[in-house]
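One structure is given below, encoded as structure tokens.
Predicted, not measured: the structure shown is a model, and the values here were computed from it. Values reported hereafter were calculated over all heavy atoms of this structure, with side chains retained and with hydrogens, waters and symmetry mates removed. Naming convention: chains lettered A, B, ... in sequence-line order (proteins, then strands); numbering from 1 in each chain.
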Amino acid sequence: MTEKLPVSEQVTLLKRGIDRLETEEELRQLLERSHQAGKPLRVKLGIDASGPDIHLGFAVVLRKLRQFQDLGHTAVLIVGDFTGKIGDPTGRSKTRPQLTNEQIKANMARYREQVFKILNPERCEFRFNSEWLDKLSATDVVNLAARYTVARLIEREDFKKRLEEGAPLSVHELLYPLFQGYDSVIVFADIELGGADQYWNLLVGRELQVRFGQTPQVIITMPLLVGTDGKLKMSKSYGNYVGITDPPAEMFGKIMSIPDELILNYFQLATDKTDEEIALFARRLSGGENPRNIKAELARSIVALYHSPAAARHASEEFDRVFREKEPPTQMPEFPLPAPGVNIIQVIVQSGLLPSKSEARRKLTEGAIYLDGQRISDPELIVKPQDRPVILKVGKRRFLRLVAGS
RNA sequence: GGACGGGUUCCCGAGUGGCUAAAGGGGGCAGACUGUAAAUCUGCUGGCGAACGCCUACGGAGGUUCGAAUCCUUCCCCGUCCA
């Protein structure tokens, strides 16, 4: 633990890699006061309950929160089960679907264990905001709403845009930032963390606290990690994310598919590499070394972080084996072939390699299907069991071992 | 409450009676090239069938017609303006 660090050094540490801090002076004061009173700060982080998987983008924020824990402070995780039912409008052009209680429950069950891959469970509070938000009466809601103006609410880029484009914007979505801010009031947040896109929401919390007679929370936002597509922010709904529970091989592969320009950014945001180490990578890149090598080191670092160094090494070797040397992977699903043989299209669909026969037929004509390294194109082909397993390959990365069986 | 405009395949968006599984773009997938990067080029992109074809699909339901995404009725939803 680094609890004994002088305040100025704590500030330096906490400022590393962040997007915005409001305000540094207030943070300094909080740390001083906490140090003198021997009382840990309450660092709030809202968790979206819309999906069960934590990805590297959110991990950026979680890792910052972990730093606070390492300095002796308390992480206060607010599970947005109530606000999840409303749907966070941030950055959306469309009204988000509202989640049911069952969905949220199912999501959260897996969430906890994932969070603790990064956070220290010892210094962590888990709160569901339905705990207090469900209890608000209409009077309470009006009371809350009275403390903020519509003009302030629709200042937001995304709201404004939707209004201008004539897209629907429901009143409940307008309420979302208020409720999220109210969470800060309820849990007496000293600091709130979030992604850069949450900046505006966090500010609302800050202002509401003042209106409820509290000291405003310090807010710290973290840069958004760009997804594997290299364009949009990493997000569950864009399908461009790397889950922290993704199996090593998958995690490795996804990271290898990011654009080269993102390599250093990923090192900074998603690994524990020091500035010096990252500078070295930067020099190797500009020195003309094949970015592939450096990206592979990145991928290994990240897999090591969430699995183990050994798993990272294996994933790396397997990757080279399959994609550089074009060898089949060591592990692949098996499909038992009955003695009379089965039509190739049946095999592909029944094994789940492709979703429909039409699709299988298409891939066959596209030359995407290989049997033991031989491209095949005959949709009539009957595959019979051999005395040794035969490997079926669909596209670049789908493999199946065909074995004798019934 | 009134007037008007709109709801199309994963997304955006064309399409106003048969030539429409529906232009175009995006995304995705596949092939070539590669470093499973990017860029580029090419192809594919509802399902079933070997195939003539059949089924499902243009907000929901019903109707007109030999034939409807396209016309009519009704319901639902969204937006704009007026009150």
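Nucleotide B:C48 holds its P atom 13 Å from the CG atom of A:Asn343, rounded to whole Å. The nearest whole Å value for the distance from the CZ atom in A:Arg397 to the P atom in B:C29 is 7 Å. In this structure, A:Leu163 atom CG and B:C78 atom P are separated by 15 Å, rounded to whole Å. Taking atom CD of residue A:Glu261 and atom P of nucleotide B:A37, one finds them 13 Å apart after rounding to whole Å. Rounded to an integer number of Å, the gap from CZ of A:Arg361 to C1' of B:A51 is 11 Å.
With hydrogens and angles left out, the side chain of A:Glu366 and the base of B:G43 share a donor-acceptor pair within 3.5 Å. For B:G27, the base has no donor-acceptor partner in the side chain of A:Asp229 [N/O atoms by modelled type, under 3.5 angstrom].
Residue-to-nucleotide proximity on RNA chain B shows that, of A:Val349 and A:Lys363, the 5′-proximal contact is made by A:Lys363. Between A:Gly367 and A:Arg324, the residue anchored closer to the 5' end of RNA chain B is A:Gly367, taking for each the nucleotide with the nearest heavy atom.
By the 4.5 Å heavy-atom criterion applied to side chains, A:Phe399 and A:Val394 are not counted as neighbours.
With B:A50, B:A30, B:G35 as the candidates, the nucleotide lying closest to the side chain of A:Pro291 is B:G35. Minimum atom distance to the side chain of A:Arg398 is reached by B:A30, of the listed B:A50, B:G47, B:A30. Among the nucleotides B:A37, B:U34, B:G31, the one closest to the side chain of A:Lys326 is B:U34. For A:Lys357, the listed nucleotide lying nearest its side chain is B:G49; candidates were B:C29, B:G31, B:G49. For A:Tyr370, the side-chain atoms get nearest to B:G31 when compared with the rest of B:A37, B:G27, B:G31. Nearest nucleotide to the side chain of A:Asp260, out of B:G35, B:C48, B:A32: B:G35.
Between A:Arg375 and B:A30, a side-chain N or O to OP1/OP2 separation shorter than 4.0 Å is absent. Look at A:Ser356 and you'll find a side-chain N or O under 4.0 angstrom from OP1 or OP2 of B:G47. Residue A:Ser358 places at least one side-chain N or O closer than 4.0 Å to OP1 or OP2 of B:C48. OP1 and OP2 of B:G31 both lie 4.0 Å or more from every side-chain N or O belonging to A:Arg362.
Taking atom C1' in both B:G25 and B:C71, the straight-line distance is 30 Å, to the nearest Å. A gap of 12 Å separates the P atoms of B:A30 and B:A38, to the nearest Å. Taking the P atoms as reference points, B:U56 lies 14 Å from B:A21, given to the whole Å. Here the separation of B:C10 from B:U45, taken at their C1' atoms, is 10 Å to the nearest Å. The same atom, C1', is picked in B:U8 and in B:U16; the two are 13 Å apart, to the nearest Å. The same atom, C1', is picked in B:A3 and in B:C11; the two are 32 Å apart, to the nearest Å.
Residues A:Phe212 and A:Tyr182 place their aromatic rings such that the two centres sit under 6.0 Å apart.
Taking CG of A:Leu71 as the reference point, atom CG of A:Leu13 lies at 6.0 Å (rounded to 0.5 Å).
In this pair, A:Trp200 and A:Phe159 present their aromatic rings perpendicular. The plane angle is above 60°, beyond the 30 to 60° band.
Using a 4.0 Å cut-off between a side-chain N of Lys or Arg and a carboxylate O of Asp or Glu, A:Arg321 and A:Glu317 do not qualify as a salt bridge.
Note on A:Lys254: nothing from the nucleic acid sits closer than 4.0 angstrom, heavy atoms only. When heavy atoms are screened at a 4.0 angstrom cut-off, A:Ile263 is found touching no nucleic acid atom at all.
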